[in-house]
Each structure stands twice: as C-alpha cells, then as structure tokens.
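Here is the structure we will look at.
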Amino acid sequence: MTLQPRCEDVETAEGVALTVTGVAQVKIMTEKELLAVACEQFLGKNVQDIKNVVLQTLEGHLRSILGTLTVEQIYQDRDQFAKLVREVAAPDVGRMGIEILSFTIKDVYDKVDYLSSLGKTQTAVVQRDADIGVAEAERDAGIREAECKKEMLDVKFMADTKIADSKRAFELQKSAFSEEVNIKTAEAQLAYELQGAREQQKIRQEEIEIEVVQRKKQIAVEAQEILRTDKELIATVRRPAEAEAHRIQQIAEGEKVKQVLLAQAEAEKIRKIGEAEAAVIEAMGKAEAERMKLKAEAYQKYGDAAKMALVLEALPQIAAKIAAPLTKVDEIVVLSGDNSKVTSEVNRLLAELPASVHALTGVDLSKIPLIKKATGVQV
C-alpha cells in the first residue's frame, strides 16, 4: 500500500509553521505470528480502513518529530528526517502486523516564505564567497604583476648602475692620464706655486663633479622610489585620496629640499660678501693706522713746532666757533665818550689772547715773534 502522510502548519522547535508531505510504502507482514496480529487488528475491514489507520499513525509520529527539529535540520537533511520518522513509527505499526518498506519526504514548504528566505541567504553567501574569491584572485594577480615589474626595474637599475660605474671608471682613468701629462707639462713650464694652485683647483673641480654625480644618482633613486611607491599604491587599490595625499607629500618634500639648497646658496653668498667687506675694512683700517703712525712720528720728530702748527691751524676754527653767536647780531654799539678808551679795550683783549690759548692748549703764543709784535707782550 502507498500512503502519503501530510502534516499542515506544524510548528518546529523554532516556532516556524511548516507543511510536510511524505510517501510511505507499507505491507502486511507474512510471518505467521505477525500475520495473526494483523488479522486480529484488521479482520473485517477493507483496504481503505487499513490505510487510514496506518496513515494516522504515521502522521502522528511525523507531527511529533517535526516539533523537535529546526527548519534547517528538516530542509537540509531530509533523508535523516525520513529515517528518524521510519525508526520511530516502525515499532507502533509493527505491533499491528504492518511493515514499513520505505518512507521519504516528498515536500516541505511554509506560508511565511521562511524557506525561500533561507535560500536567498544561502545564495547571497555563495555569491559573496564567489565575489571574495574573484577579488582575492585579482589582488594576488595584481601583487604578482607588481612584483614582476619591480624585479624588472631592479634588474634594469642594476644594469644602468654598472654601465654608469664603467663609464665613470673610464673617465676617471682618462682624467688620471690627462692629469699626469698636465702635471709633467706644468712642472716644466711653471713654478711650484702655480702648479700647486692648479692641482688644488682640479681637485676641487673633481670633488664638485663627484658631488653632482652623486646628487644626480640620489635624485634618480628618489624618482625610482616615488615611481615604485605610486605603482604599489595602484597595485594595492589604494584610495585616490590617499594616493593624492602621498603625491603631495612627495612634492612638498622636494620643495623643502629645494628651499634648503637655495637657503644654503644664499648663506654662502652672504658669507662671501661679508668676507670681502671685512677684507676692505681691514685694509682701510691698516691704511688709517699707517697714516696715524706716520703722523705721530712726524709730530715726535718736530716736537713743539708741530704742536704749534696744529694750534695755529685750529685757531681760525676756534675763533669761528666763539664768534658764531655774533653772526646773528646786526650791529654792536660801544658806549664810550673817549675814543682812546675803546682802543685800550681792544689792546687789552688782544693781550689776554695768548694766556687763554696757553690755558687751553699748553702752547705759549707769546714766544712767537709775530704774536709778540701784534700783542705788544714782552716775555
């Protein structure tokens, strides 16, 4: 007999209502004892009645087992679910002389789309894993490609470096030969000092050239490093904002180096100008000191005569300073009824002049004949 037990809206262990339909193949046992039990149970009943009894028994066990399992256990492992129903129901129907030949789950569904949601979730998980796998494969391919490019650039850089080293060695050897010839020629034509100066100049020039070459190599290495960093950023799918920030940083560092070099050059220029100005000031100071030395020696040689000459040169200036306030006076009126008195006042002032000069400078003007005649002072 073929039976189709059906349980509608049965809640699982999680409270989700499911409808489950199964298919069972059963028959009456032929052993004498079990056949006798079947006759005792179903004698006088038709086949349909027997089907109903067995069907109700199977549906009861199916319902009870559904309540102990989760939706995932029922849906994902139907064979285990059917086996469990068969094992539980077999003893009960066996006591009625009925044998379960097979039991399978035909259909499982629900009215709230729970199972379809599970399918969508699983589909999304599979799709996500597939996308992750593709992304990881592309990432690995990109990394490997970047590594190959890096190895290629490293080999090229090493080859270029070796070529540059060979050229530099050749140029150095050539320069050494030229230098030897020049030295011999210079020794035959010029003095030792001139040759030494030329050798120092050549050494300095070679040092500058070496520094320039080293700087160019350093710039080339930095450029290659920047290029490699940019490619690495592209290979690792770095966000455009981070790449832009890194590029700006590299430019800022380059600008910083440029500004430092400009500042060093300006400082060197200022130092050279300062040294030149210091040399000029030193030369002027030495000349002034030499002039003062010669002047002092002259004064020392001529003694009082020199001092007298200085005083006589300074007297007009002293008189000008003393008479400066009088330049603002338009007219001087001497109140005296006697002309001879005015003359005597003038003579008195002239007579006091040598004493004033002697008090200021220590030079006695009265000893000079012209002064004695003008003032009438007797010594």
Side-chain angles (χ1 to χ4, degrees), residues 1-140:
M1 294 175 288
T2 300
L3 304 178
Q4 292 186 356
R6 177 184 177 87
C7 296
E8 296 184 357
D9 299 333
V10 178
E11 292 187 355
T12 62
E14 296 175 339
V16 179
L18 294 180
T19 299
V20 179
T21 302
V23 177
Q25 300 293 334
V26 300
K27 76 178 186 67
I28 296 176
M29 297 181 182
T30 57
E31 289 81 359
K32 291 183 179 180
E33 294 180 357
L34 296 175
L35 183 57
V37 173
C39 291
E40 181 181 353
Q41 292 292 329
F42 302 112
L43 188 62
K45 294 182 180 180
N46 56 30
V47 176
Q48 188 61 43
D49 293 335
I50 297 173
K51 285 184 177 181
N52 290 335
V53 172
V54 177
L55 182 61
Q56 291 178 3
T57 302
L58 291 176
E59 288 179 348
H61 287 292
L62 180 61
R63 186 182 299 274
S64 63
I65 292 173
L66 282 172
T68 61
L69 300 177
T70 63
V71 176
E72 287 78 6
Q73 291 173 337
I74 297 169
Y75 184 77
Q76 296 175 358
D77 196 356
R78 295 188 181 188
D79 292 339
Q80 183 65 27
F81 174 49
K83 181 180 178 182
L84 183 60
V85 174
R86 186 170 59 251
E87 291 175 352
V88 173
D92 288 343
V93 297
R95 284 191 289 271
M96 293 184 291
I98 302 297
E99 180 184 2
I100 300 177
L101 299 177
S102 66
F103 181 85
T104 58
I105 301 300
K106 180 180 179 181
D107 190 17
V108 178
Y109 67 92
D110 67 293
K111 298 179 181 179
V112 293
D113 295 334
Y114 185 86
L115 294 174
S116 62
S117 299
L118 287 177
K120 292 179 181 178
T121 302
Q122 185 64 25
T123 301
V125 171
V126 173
Q127 184 65 34
R128 180 200 61 191
D129 295 340
D131 293 339
I132 292 173
V134 172
E136 290 178 349
E138 291 178 352
R139 180 201 61 191
D140 296 339

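Computed from a predicted model, the values in this text were never measured in an experiment.
- Contact detail for T68 and I65: the closest heavy-atom pair is OG1-O, 2.7 Å.
- With rounding to the nearest 0.5 Å, the separation of CD1 in I132 from CZ in R139 is 11.0 Å.
- Looking at every heavy atom in both residues, C7 comes nearest to E59 through SG-O, 3.4 Å.
- A side-chain N or O of Q48 and one of N52 form a donor-acceptor pair less than 3.5 Å apart.
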Report all side-chain donor-acceptor pairs from residues 19-37 shorter than 3.5 Å, counting only partners two or more places apart or in another chain.
residue : atom : partner : partner atom : Å
T19     : OG1  : D9      : N            : 3.3
T21     : OG1  : R6      : NH1          : 3.1
Q25     : OE1  : T2      : OG1          : 2.9
Q25     : NE2  : T2      : OG1          : 3.1

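- Contact between R86 and F103 at its shortest, heavy atoms only, is NH1-O, 3.3 Å.
- Under the 4.5 Å side-chain criterion, counting only non-hydrogen atoms from C-beta, V54 is in contact with L58.
- A distance of 6.0 Å separates CD1 in I105 from CG in L62, rounded to the nearest 0.5 Å.
- For the residue pair K45 and I50, the shortest heavy atom distance occurs at O-CD1, 4.5 Å.
- From L101, atom CG reaches atom CE of M1 across 9.5 Å, with rounding to the nearest 0.5 Å.
- To the nearest 0.5 Å, atoms CG (L84) and CG (L66) are separated by 10.0 Å.
- Between atom CZ of residue R63 and atom CD of residue E11 there is a gap of 11.0 Å, rounded to the nearest 0.5 Å.
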